[in-house]
Amino acid sequence: MKLYSWNVNGLRAGLKRGTFQDFMNSEQPDILCLQETKAKPGQAEVDLPEYLEIWNSAERPGYSGTAIFTKIQPLNIHNTFLPNLQTAYPWADDKHGNPLLEGRIQTLEFPNFYLVNVYVPNSKSDLSRLPLRANIWDPALLQHLKGLEASKPVIICGDFNAAHTPLDLAQPDDNERSAGYTNEERQGIRNLLSAGFVDTFRYFFPSQQKYTWWSHWSHCRERNIGWRIDYFLISESLLPYLDSAEIHDHIMGSDHCPVSITLEF
């Protein structure tokens, strides 16, 4: 089973350029999780009849959003956090809006696991959204995952908008306290790992420097000055079924590249 995750930075743009179709033809994922779709169902004409399309679009047009394309029929579909978590935190944000209305999380139940697709809120260059990220989103996400894991293993993937260690970005010293590399954001990743979730890429490649996102400025992608902020994490009980984890940095079409895992059940 091949599972892919990709922040496409606008699905309609990828369809117009043909890069999305090229990716689907070459990789043929069994399940594809997308982030930053910037579209609602019907706005992006995706001709993939073998896939079930599951969308969670932002209320705000042309912003954020997630989607899952799957060849495998899920048992259940949920496009938000567990019900208790929707009321346990003060999600409303007068400045930036409510992240629960931005299409940032999807949960699909399959026979052997739950799959959670996330587009974690960016902390903003002035770190004005960092308190929401650190104090609300990250704790709620961990509780969501552990709540699901109580009944079956969990796979979580997506754009976490955070580099975990100095190995995960090209210029760590220059980016201390930058959005995506604050202590608070890195702690959010550490908390997931401490709770038993496994960073699948690091499981196979503990010291390799590969990136999943590059700034548009200064030809960063050509110079490979990037960040690893897109992940597949899995419950430890799924490790016996994990065959591979890859970063597909040769695939173009977005400022992010796809990441993937292969599982054998």
Do the charged groups of Arg221 and Asp249 touch, with an N to O distance under 4.0 Å? no
- Query: In terms of heavy-atom contacts, does NE2 of His219 have more than 12 from other residues, nucleotides or ligands at under 6.0 Å?
  - Reply: no
Students should find that the hydrophobic cluster of Ile229, defined by side-chain heavy atoms under 4.5 Å apart, otherwise consists of Leu169, Tyr181, Trp213, Trp227
Sorted by chain and number, sequence neighbours left out, ring-ring contact (aromatic ring centres under 6.0 Å, His included) with Tyr241 holds for Phe265
Is it true that Thr66 and Gln35 share a donor-acceptor pair across their side chains at a distance under 3.5 Å?
no
Subject >> Salt-bridge contact Arg186-Glu184 (side-chain N to carboxylate O under 4.0 Å) >> reply: no
Notebook entry, point to check: Would you say the side chain of Leu115 lies within less than 4.5 Å of the side chain of Glu109, judging by non-hydrogen atoms?
Noted result: no
Rounded to the nearest 0.5 angstrom, the CD-CG distance for Gln143 and Asp138 is 11.5 Å
May I ask you to decide whether Glu102 forms a salt bridge with Arg129, counting only side-chain N to carboxylate O separations under 4.0 Å?
yes
For this session: Establish, yes or no, whether the cationic atom of Arg228 lies under 6.0 Å from the six-membered ring centre of Tyr211 and within 45° of the ring axis.
Result: no
Between Ala170 and Asn224 the two heavy atoms that sit nearest each other are CB-O, 4.3 Å
query = So, the side chain of Ser123 versus the backbone of Ala179: is there a donor-acceptor pair under 3.5 Å, distance only?
reply = no
With salt bridge (charged side-chain N to carboxylate O under 4.0 Å, His left out) as the criterion, how do Arg12 and Glu45 come out once you've worked through the C-alpha distance, each side chain's angles and the decisive distance to 0.1 Å? CA-CA 8 Å; Arg12 286 173 288 183; Glu45 295 183 13; over 6 Å; no
Output for pair (Ile189 CD1, Thr165 OG1), nearest 0.5 Å, gives 10.5 Å
query = Taking C-beta and beyond as the side chain, do Leu145 and Phe197 meet within less than 4.5 Å on heavy atoms?
reply = yes
When every non-hydrogen atom of Ile234 is compared with those of Leu238, the smallest separation belongs to CD1-CB, 3.9 Å
In terms of heavy-atom contacts, Thr80 and Ile105 come closest through CA-CG2, 3.7 Å
Distance col, row Asn161:CG vs Glu36:CD, nearest 0.5 angstrom, shows 8.5 Å
Correct closest heavy-atom pair for Glu149 and Ser235 would be OE2-OG, 2.6 Å
Residues Thr19 and Gly253: closest non-hydrogen pair is OG1-CA, 3.6 Å
OG (Ser5) and CD1 (Ile31) are apart, to the nearest 0.5 Å, by 12.0 Å
Donor on one side chain, acceptor on other, Thr107 and His144, under 3.5 Å:
yes
Taking the six-membered ring for Trp and the full ring for Phe, Tyr or His, determine whether the centres of Trp137 and Phe160 are under 6.0 Å apart. no
For this session: Cation-pi check, Lys210 to Phe205: give yes when NZ or CZ is under 6.0 Å from the six-membered ring centre and within 45° of the ring axis, no otherwise.
Result: no
In short, Gln21 meets Gly14 closest at the heavy-atom pair OE1-O, 3.6 Å
From the list Gln187, Arg202, Arg190, Glu185, side-chain contact (heavy atoms from CB on, under 4.5 Å) with His164 holds only for Arg190
Members sharing Leu34's hydrophobic cluster, built from side-chain contacts under 4.5 Å between Ile, Leu, Val, Met, Phe, Trp and Tyr, are Tyr4, Trp6, Val8, Leu11, Leu15, Phe20, Phe23, Met24, Leu32, Val46, Leu48, Tyr51, Trp55, Phe69, Ile251
Does Ser194 reach the main-chain N or O of Asn191 with its side chain, forming a donor-acceptor pair under 3.5 Å? no
(message) Run the side chain to side chain donor-acceptor pair (under 3.5 Å) test on Asp230 and Thr212 for me, step by step, so that the C-alpha distance in whole Å, both residues' side-chain angles and the decisive distance to 0.1 Å come before the verdict.
(response) CA-CA 6 Å; Asp230 303 86; Thr212 66; 2.5 Å; yes
